[in-house]
**Q** 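The following block contains the structure, expressed as structure tokens.
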Amino acid sequence: MSGTSADPILPDDPNHRHYPLYRHLLQGVAAAQPGSGPEQRANLAAGLTDAYLQTLPQSDRGLRLDETTVRGLGVVAGRADAPTPSLFVVAGRPGEGAPLISTPLATAEIAASRILAPYAQQRTIGADGYLTDPEITRTAIPALERGALPAVNAIVLHRTMGSTAAGTLGHWRGESQPYGTHFLIDRDGTIHQTASLNQHTAHVGRIRSRGEVEGSLSPEEQRQLDEARQAPGSDYAAVHRIESGKPYPRRYPGNGDSVGIEVVATYDEQTRTWQAPTEQQTASIRRLVGILQNNYGLDDHDIYQHDAISYKTQGEGAGLYQPAVRNVDDPGLQQSTGPTR
């Protein structure tokens with residue numbers, strides 16, 4: 001495994017955006033080459049990881065692959081008497097015309113660190129889960145932390161329904177198990193990190209059915225939702241239970257795979273409108289989102305408005321994140337129903 005949290009990390013490190021791909025291919029190599037040793041398998045998996053990433057557009061190689069894509073890859077051994085005996089990555093079943101991606105068996109003798117060096121990723125998250133950027137204020141509230149955060153698939157944006165950061169921080173400190181986020185952005189743009197990124201917080205709540213919102217459910221999936229809603233108990237809980245069993249991005253992110261950002265803002269009950277972010281907040285949101293995207297390999301499709309994915313006051317997360325360069329033809333950015341893939 002490569003490096004510590006402060007050093008550049010490679011895809012064989014669990015903190016790297018391409019670790020799920022490397023791990024999956026390593027398992028495939030072990031099945032295809034059962035007689036090889038651990039180091040040889042690691043080197044071959046590195047070779048296959050590199051070969052697969054090389055098939056992607058340059059602009060996509062820095063992004064984390066979704067779980068469905070990774071799980072759809074297989075590893076098969078080529079003919080032993082071939083001119084260059086190799087292992088292959090195949091998307092789909094072998095023999096169905098799917099393109100094959102290969103690495104020679106001789107790659108087993110090349111160090112994985114050498115093969116994976118082009119994908120080195122500079123982490124700005126310390127071993128304790130706090131950003132190392134000196135301009136981000138460490139305001140730790142341990143009570144916010146509810147357990148390990150094994151993966152980060154998304155960022156969820158919230159508003160506080162309060163006028164000051166001090167008021168929100170005081171509320172969180174006064175609760176034994178507060179509902180809150182990893183970050184809080186004050187009206188002057190100050191970014192407070194309130195919880196470790198090694199830990200999840202309770203900030204999303206029960207998630208909506210992404211397939212139902214986006215109209216992509218199969219008839220069987222819709223039937224399952226309808227039946228669950230007829231059972232005694234909470235409609236929201238039934239939907240959440242079904243959705244939580246799906247891989248991201250087939251579902252919306254939840255507490256266990258997302259980072260939460262609260263932005264200080266008030267809510268007008270009479271007009272039912274939220275306070276707009278200040279210029280300083282807009283700049284800080286963009287900066288913080290960029291830092292998190294770079295660390296976790298996320299893109300703008302992984303940024304969500306809280307009210308679009310859960311059952312919250314309409315508009316709570318709307319209009320907070322403004323990408324530095326917006327593609328006006330992309331319907332997935334900052335829509336009320338949440339981004340799409």
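Start at 1 with the first residue, then count along the sequence.
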**Q** Can you tell me which residue among N295, D133, N294 is in a side chain to side chain donor-acceptor pair (under 3.5 Å) with T124?
**A**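 Checked N295, D133, N294 against T124; only one passes side chain to side chain donor-acceptor pair (under 3.5 Å): N295.
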
**Q** Backbone N or O of S196 within a donor-acceptor pair of the E145 side chain at under 3.5 Å?
**A** yes

**Q** Side chain to side chain donor-acceptor pair (under 3.5 Å) between D300 and Q293: does it pass, once the steps are laid out?
**A** CA-CA 8 Å; D300 285 344; Q293 286 177 322; 3.0 Å; yes

**Q** Okay, side chain of D186, backbone of G189: is any donor-acceptor separation there less than 3.5 Å?
**A** no

**Q** Out of curiosity, S258 OG to D302 CG, how far, rounded to the nearest 0.5 Å?
**A**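 Here the rounded value is 11.0 Å.
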
**Q** If you define the side chain from C-beta out and look only at heavy atoms, does anything of H306 sit under 4.5 Å from L157?
**A** no

**Q** A side-chain contact here means heavy atoms from C-beta on lying under 4.5 Å apart; do L48 and L26 qualify?
**A** no

**Q** Do any N or O atoms from the side chain of D307 and from the backbone of G317 form a donor-acceptor pair under 3.5 angstrom?
**A** yes

**Q** For the CG atom of L298 and the CZ atom of R64, what is their distance to the nearest 0.5 Å?
**A**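 It comes to 5.5 Å.
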
**Q** Quiz question: by atom type and distance under 3.5 Å, do the side chains of Q275 and T266 form a donor-acceptor pair?
**A** yes

**Q** Throw together a table of side-chain donor-acceptor distances under 3.5 angstrom for residues 171-180, partners on residues two or more places apart or in other chains.
**A**
| unit_1 | atom_1 | unit_2 | atom_2 | d |
| --- | --- | --- | --- | --- |
| W172 | NE1 | Y179 | O | 3.1 |

**Q** Donor-acceptor pair, T201 side chain versus N255 backbone, under 3.5 Å?
**A** no

**Q** Taking the side chain as C-beta and beyond, is there a heavy-atom pair between I309 and V156 under 4.5 Å?
**A**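 In short, these two side chains touch, coming nearer than 4.5 Å.
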
**Q** Decide whether a cation-pi geometry holds between R208 and Y311; the criteria are a distance under 6.0 Å from NZ or CZ to the six-membered ring centre and an angle within 45° of the ring axis.
**A** yes

**Q** Which is it for L10 and S113 under the side-chain contact (heavy atoms from CB on, under 4.5 Å) test, yes or no, and what are the steps along the way?
**A** CA-CA 7 Å; L10 302 180; S113 59; 4.1 Å; yes

**Q** Got a donor-acceptor contact below 3.5 angstrom from the R187 side chain to the Q281 backbone?
**A**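 Checked: no pair found.
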
**Q** Are I185 and L197 co-members of a hydrophobic cluster defined by side-chain heavy atoms under 4.5 Å apart?
**A**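 Yes, it is one cluster - the side chains of L197 and I185 are joined through contacts under 4.5 Å.
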
**Q** Please say yes or no: joined through hydrophobic side-chain contacts below 4.5 Å, possibly via intermediate residues, are V204 and V239 part of one cluster?
**A** no

**Q** Do I261 and H182 have side chains that get closer than 4.5 Å, going by heavy atoms?
**A** no

**Q** Is there a continuous path of hydrophobic side-chain contacts, each under 4.5 Å between heavy atoms, that joins L144 to V152?
**A**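 Different clusters.
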
**Q** Show your reasoning for whether side-chain contact (heavy atoms from CB on, under 4.5 Å) applies to V29 and L87.
**A** CA-CA 8 Å; V29 169; L87 288 182; 4.0 Å; yes

**Q** Hey, what else clusters with W274 if you join Ile, Leu, Val, Met, Phe, Trp, Tyr whenever side-chain heavy atoms sit under 4.5 Å?
**A**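 W274 clusters with M161, Y267.
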
**Q** Looking at Y130, I'd like to know if the NZ or CZ of R138 sits under 6.0 Å from its six-membered ring centre while staying within 45 degrees of the ring's axis.
**A**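 Pair R138/Y130 counts as cation-pi.
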
**Q** Please check if L184 and Y321 belong to a single hydrophobic cluster, counting links between Ile, Leu, Val, Met, Phe, Trp and Tyr side chain heavy atoms closer than 4.5 Å.
**A** no

**Q** Might you point out which heavy atoms bring P323 and R286 nearest each other, and give the distance in Å?
**A**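 Looking at all heavy atoms of both residues, the closest pair is C-NE, 4.0 Å.
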
**Q** Decide yes or no for R272 and Q314: does some side-chain heavy atom of the first lie under 4.5 Å from some side-chain heavy atom of the second?
**A**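 Result no, sub-4.5 Å side-chain heavy-atom pair not found.
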
**Q** Might you confirm whether atom CD of E39 has over 12 heavy atoms from other residues, nucleotides or ligands at distances under 6.0 Å?
**A**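 Counting neighbours around CD of E39, 12 or fewer heavy atoms of other residues, nucleotides or ligands fall under 6.0 Å, so no.
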
**Q** Atom CZ in R250, atom CD in E214: separation rounded to 0.5 Å?
**A** 12.0 Å

**Q** Is it the case that the side chain of R159 and the backbone of A276 share a donor-acceptor pair, with hydrogens and angles ignored and the cut-off at 3.5 Å?
**A**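 Flag not set: sc R159 to bb A276 has no pair under 3.5 Å.
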
**Q** Say you draw a straight line from NE2 of H16 to CG of L116; how long is it, rounded to the nearest 0.5 Å?
**A** 8.0 Å

**Q** What are the two closest non-hydrogen atoms of A46 and Y22, and how far apart are they?
**A**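 Taking A46 first and Y22 second, the nearest heavy atoms are N-CE1, 3.8 Å.
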
**Q** Side-chain contact, heavy-atom cut-off 4.5 Å: L225 with E221?
**A** no

**Q** Hey, mind stepping through R287 and E135 against side-chain contact (heavy atoms from CB on, under 4.5 Å) and telling me if it holds?
**A** CA-CA 11 Å; R287 181 166 179 267; E135 295 187 20; 3.8 Å; yes

**Q** Indicate yes or no: at least one non-hydrogen side-chain atom of R210 is less than 4.5 angstrom from one of P249.
**A** yes

**Q** Indicate the ring-plane relationship of H18 and Y119, choosing parallel, tilted or perpendicular according to the 30° and 60° boundaries.
**A** perpendicular

**Q** Salt bridge between R114 and E109, side-chain N to carboxylate O under 4.0 Å?
**A** no

**Q** Looking only at heavy atoms, which two atoms of Q33 and A77 are closest? And how far apart?
**A**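 Scanning both residues, the minimum pair turns out to be NE2-CB, 4.2 Å.
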
**Q** Rounded to the nearest 0.5 Å, how far does CZ of R206 lie from OG of S310?
**A**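 Reported value, rounded in 0.5 Å steps: 9.5 Å.
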
**Q** So, for T68 and P247, which heavy atoms are closest and what is the spacing to 0.1 Å?
**A**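 In this case the closest contact between T68 and P247 is OG1-CG, 4.2 Å.
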
**Q** Could you tell me whether a side-chain N or O of S244 sits under 3.5 Å from a main-chain N or O of R241, the two making a donor and an acceptor?
**A**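 No: the side chain of S244 does not pair with the backbone of R241.
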
**Q** For E243 and I207, work out which heavy atoms get closest and say how close.
**A** CB-CD1, 3.8 Å

**Q** Would you indicate whether the side-chain heavy atoms of T190 and I136 approach each other to under 4.5 Å?
**A** no

**Q** Take S86 and T84, measure what side chain to side chain donor-acceptor pair (under 3.5 Å) needs, and give me the verdict at the end.
**A** CA-CA 6 Å; S86 301; T84 305; 5.7 Å; no

**Q** Would the distance check show the side chain of R79 and the main-chain N or O of P85 forming a donor-acceptor pair, the cut-off being under 3.5 Å?
**A**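 Judged by distance alone, no pair lies under 3.5 Å.
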
**Q** Please tell me whether F183 and V264 are part of a single hydrophobic cluster in this structure, the criterion being side-chain heavy atoms less than 4.5 Å apart.
**A**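 F183 and V264: separate clusters.
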
**Q** Could you verify whether a donor N or O on one side chain and an acceptor N or O on the other, from E212 and Q222, lie under 3.5 Å apart?
**A** yes

**Q** Using a 3.5 Å distance criterion without hydrogens, assess whether the side chain of T107 forms a donor-acceptor pair with backbone atoms of T103.
**A**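 Checking the backbone N and O of T103 against the side chain of T107, no donor-acceptor pair under 3.5 Å is found.
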
**Q** Do the charged groups of R251 and D257 touch, with an N to O distance under 4.0 Å?
**A**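 Yes, R251 and D257 are salt-bridged.
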
**Q** Which heavy-atom pair separates S102 from A51 by the least distance, and what is that distance?
**A**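 Answer, listing the atom of S102 first, then A51: O-CB, 3.5 Å.
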
**Q** Whether the side chain of T137 engages the backbone of T139 through a donor-acceptor N/O pair (distance < 3.5 Å, no angle test) should be reported.
**A** no

**Q** Find the distance between CD (E279) and OG (S284) and round it off to the nearest 0.5 Å.
**A**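 Rounded to the nearest 0.5 Å, the CD-OG separation comes out at 12.0 Å.
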
**Q** Output, in order, the C-alpha distance, side-chain angles, deciding distance and verdict of side-chain contact (heavy atoms from CB on, under 4.5 Å) for Q305 and E316.
**A** CA-CA 7 Å; Q305 304 166 21; E316 184 209 332; over 6 Å; no

